[in-house]
Engineer: 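Sharing a structure with you now.
Just so we're on the same page: letters track the sequence lines, and every chain starts at 1. Small disclaimer: the values here were computed from a predicted structure and weren't measured. The analysis underlying the following values was restricted to heavy atoms, covering all of them including side chains, and did not include hydrogens, waters or symmetry mates.
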Amino acid sequence: MIEVDKNGEEEKKVYRATTKCPECDSPLIRQDYERGEIVCDSCGLVIEENLMDQGAEWRAFDYEQMVKRARTGAPMTYMIHDKGLSTFIDWRDANVQGKSASNIQRLRKWQNRVRVSSSSERSLIFAISEIDRMGSALGLSKDVREAAALMYRKAMEKDLIRGRSVEGLATAILYAVCRQKGIPRTLEEVGSVSRVKQKEIGRTYRFLSRELDFRLQPSSPSEFVSRFCSRLNLKEDVRAKAIEIVNQAEQQELTVGKGPISIAAAAIYIAARLCGDTRTQKEVAAATGVTEVTIRNRYKDIVEALGIELPQLQPSSTTASNLTSSSSPLSSEKELSG
DNA sequence: CGGAGTAAAAGGCACTT
DNA sequence: AAGTGACTTTTACTCCG
C-alpha cells in the first residue's frame, strides 16, 4: 500500500499487519528482527524479507530501458530435475536461417539422451518427488522443499549418493534443511512420513553434515515451542511465556547436553500452568514425543534454577470450563526475572 | 486420575585399540 | 570399527492425594 503524506512529496510503504500465513493459514507469524524477516513458525515460509528494500535497484524511464535492464527471465526452480532450464530442440530440421541442416538430428538425439537418461538423473527425479511429498505432508513451505532439492543436487555432485538409499538421503536432507531454516522437525515427525526408520535418518544426517560440512549447532528449544503450543491449543501468552522460560534456561546453561525437545516440552508445561491454562504432563508428552518422566526431570530443574513458583494444581481437572485466570498473568513476570 | 519419584535398561555421542 | 564411559532418556514401577 502506498500512503502519500500531507505534502505529497514523499511516499512511504505501509505494511499491512499479516495475521495468517498465506501458505498454511497458521496464525504463528513471527518477526525475526535479526534476519529482517517475517516468517511463519509453522511451515517456515518467509512472508516478508529484507523489510527495507523491496524493488529493483535500477529504474527504467521507458519500455526499452526496462527490457534492457531487467535481468530476470522465467523463474528457475530446483524442483524440476533440470531446474526448468533445459534446452529443447525444435522438431524441424532447420537452423535459424531456415536452411535444412543435417546435424540437427544428431544434436536432438544427444539432447534427449542427456536430459533424462542417466541413472543419477532418474534417481534425482525420484528424490525430488519424495522430498516434495514428505515436505507437504509435514506442512513445509515451498522454499524449504526447494532448498532440500538444491542440497540433494549438491550431494549428487559430491558423489555422496552412490551406494546409499535415495529415500534415506532425501529424508535426511529434508530434516537437515528444516534445521538450517530454523524450523526443525523432530526425527519422529520426519520418520513418520518417510519409509526410512528414524535411526537411519539420524545416521544419514550425521554423515551428510560431515561430508557437506554444514555447521549446524543443535537447534534451540524455542524453535519447537510454537508448533507444540498450537498442537496443544495453547494461546499466544503461553507461547510467549514458554519462549521466555527457554531463553532464561539457556542463559543459565540448563540446556547444554539436554535434548532441545525436552526443554521445550518442560517450558511449555511450566508456561501453561503459570498462565492458568494447565495441560497435564501426559498431554504435553503426547504432543512433544518425550516421556512424562523427562518432562518432570527437566521442568524441576528449570523451576528450581529460575526460582519459579507454580500455582497449585486444581483437583477439578475434569473439563475445566472455567478459564478464569487464577492469578494475574503479570505476577509470574517477577518470579521469572529473579 | 495426575503427579512425584526411583532403579535399571536403552540409546546416543565423543572418544580410543 | 568395535569398545568404553559419562550422559540423557525411556521403561516400568511404586507411592501419594
Engineer: Which of residues 260-267 of chain A sit near DNA chain B, with a heavy atom under 4.0 Å from it?
Structural biologist: none
Engineer: Atom OG1 of A:Thr171 and atom CD of A:Glu130: how far apart are they, to the nearest 0.5 Å?
Structural biologist: 7.0 Å
Engineer: Whether the side chain of A:Thr288 engages the backbone of A:Val284 through a donor-acceptor N/O pair (distance < 3.5 Å, no angle test) should be reported.
Structural biologist: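 Yes, because the side chain of A:Thr288 sits within donor-acceptor range (under 3.5 Å) of the backbone of A:Val284.
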Engineer: Should A:Arg239 and A:Glu236 count as an ion pair when the cut-off is N to O under 4.0 Å?
Structural biologist: yes
Engineer: Let me know the distance between CZ of A:Arg279 and P of B:dG2, rounded to the nearest Å.
Structural biologist: 13 Å
Engineer: Name each donor-acceptor pair under 3.5 Å that joins a side chain in residues 199-208 of chain A to protein atoms two or more places apart or in another chain, with its distance.
Structural biologist:
{"unit_1": "A:Thr204", "atom_1": "OG1", "unit_2": "A:Glu200", "atom_2": "O", "d": "2.7"}
{"unit_1": "A:Tyr205", "atom_1": "OH", "unit_2": "A:Arg179", "atom_2": "NH1", "d": "3.4"}

Engineer: Just checking A:Arg298: base, sugar-phosphate only, or nothing, at a heavy-atom cut-off of under 4.0 Å?
Structural biologist: sugar-phosphate
Engineer: Treating A:Arg153 as the side-chain partner and A:Leu124 as the backbone partner, does any N or O pair qualify as donor plus acceptor under 3.5 Å?
Structural biologist: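 Absent.
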Engineer: Between A:Arg231 and A:Glu189, is the closest basic N to carboxylate O distance under 4.0 Å?
Structural biologist: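 Judged by the 4.0 Å cut-off on N to carboxylate O distance, A:Glu189 and A:Arg231 do form a salt bridge.
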Engineer: Ignoring hydrogens and geometry, is there a side-chain-to-backbone donor-acceptor pair from A:Thr291 to A:Thr294 under 3.5 Å?
Structural biologist: no
Engineer: Taking the side chain from A:Arg145 and the backbone from A:Ile131, do they hold a donor-acceptor pair closer than 3.5 Å?
Structural biologist: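 Not at all, since once roles are kept as given, no pair shorter than 3.5 Å links the two residues.
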Engineer: I need the A:Ser226 OG to A:Ile243 CD1 distance, nearest 0.5 Å.
Structural biologist: 5.0 Å
Engineer: Could you check whether A:Asp143 pairs with A:Lys181 (Lys NZ or Arg NE/NH1/NH2 to Asp/Glu carboxylate O, under 4.0 Å)?
Structural biologist: yes
Engineer: Rounded to whole Å, how long is the line connecting atom CG of A:Asp301 with atom C1' of B:dG5?
Structural biologist: 14 Å
Engineer: OP1, OP2 of B:dA4 versus side-chain N and O of A:Gln281: anything below 4.0 Å?
Structural biologist: yes
Engineer: State the CD1-CD distance between A:Ile302 and A:Gln248, to the nearest 0.5 angstrom.
Structural biologist: 10.5 Å
Engineer: Are any of A:Tyr299's side-chain N or O atoms less than 4.0 Å away from OP1 or OP2 of B:dA4?
Structural biologist: yes
Engineer: Whole angstrom is fine here: how far is it from CG in A:Leu310 over to P in B:dA4?
Structural biologist: 9 Å
Engineer: Using atom types as modelled and distance alone, determine if a side-chain donor or acceptor of A:Arg185 lies under 3.5 Å from a backbone N or O of A:Ile183.
Structural biologist: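 Here the side-chain-to-backbone pair exists.
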Engineer: Taking atom C1' of B:dG12 as reference, at what distance in whole Å does atom CD1 of A:Ile201 sit?
Structural biologist: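 Roughly 16 Å, once rounded to whole Å.
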Engineer: Is it true that a side-chain atom of A:Arg133 and a backbone atom of A:Val193 form a donor plus acceptor pair closer than 3.5 Å?
Structural biologist: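 Answer holds: yes.
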Engineer: How close or far is atom P of B:dG12 from atom CD of A:Glu188, stated in whole angstroms?
Structural biologist: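 It works out to 13 Å between those atoms.
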Engineer: CG of A:Leu187 versus P of C:dT8: gap in Å, rounded?
Structural biologist: 19 Å
Engineer: Tell me the interatomic distance from A:Ile270, atom CD1, to B:dA4, atom P, rounded to whole angstroms.
Structural biologist: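 My rounded result for the distance is 11 Å.
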Engineer: Side-chain N or O of A:Lys300 versus OP1/OP2 of B:dG5: is the shortest distance under 4.0 Å?
Structural biologist: yes
Engineer: Show me the protein contacts with nucleotides 13-15 of chain B, counting only N or O atoms at under 3.5 Å.
Structural biologist:
{"unit_1": "B:dC13", "atom_1": "OP2", "unit_2": "A:Arg206", "atom_2": "NE", "d": "3.2"}
{"unit_1": "B:dC13", "atom_1": "OP2", "unit_2": "A:Arg206", "atom_2": "NH2", "d": "3.0"}

Engineer: Between A:Lys199 and A:Tyr269, which residue's closest nucleotide on DNA chain B lies nearer the 5′ terminus?
Structural biologist: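 With A:Tyr269 and A:Lys199 compared, the 5'-side residue is A:Tyr269.
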Engineer: Near DNA chain B, which residues from residues 289-297 of chain A have a heavy atom under 4.0 Å away?
Structural biologist: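 Heavy-atom contacts with DNA chain B come from A:Val293, A:Arg296.
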Engineer: Heavy atom of residues 219-229 of chain A under 4.0 Å from DNA chain C: which residues?
Structural biologist: none
Engineer: Who are the side chain to side chain contact (heavy atoms under 4.5 Å, CB included) partners of A:Asn233, not counting sequence neighbours?
Structural biologist: A:Arg279
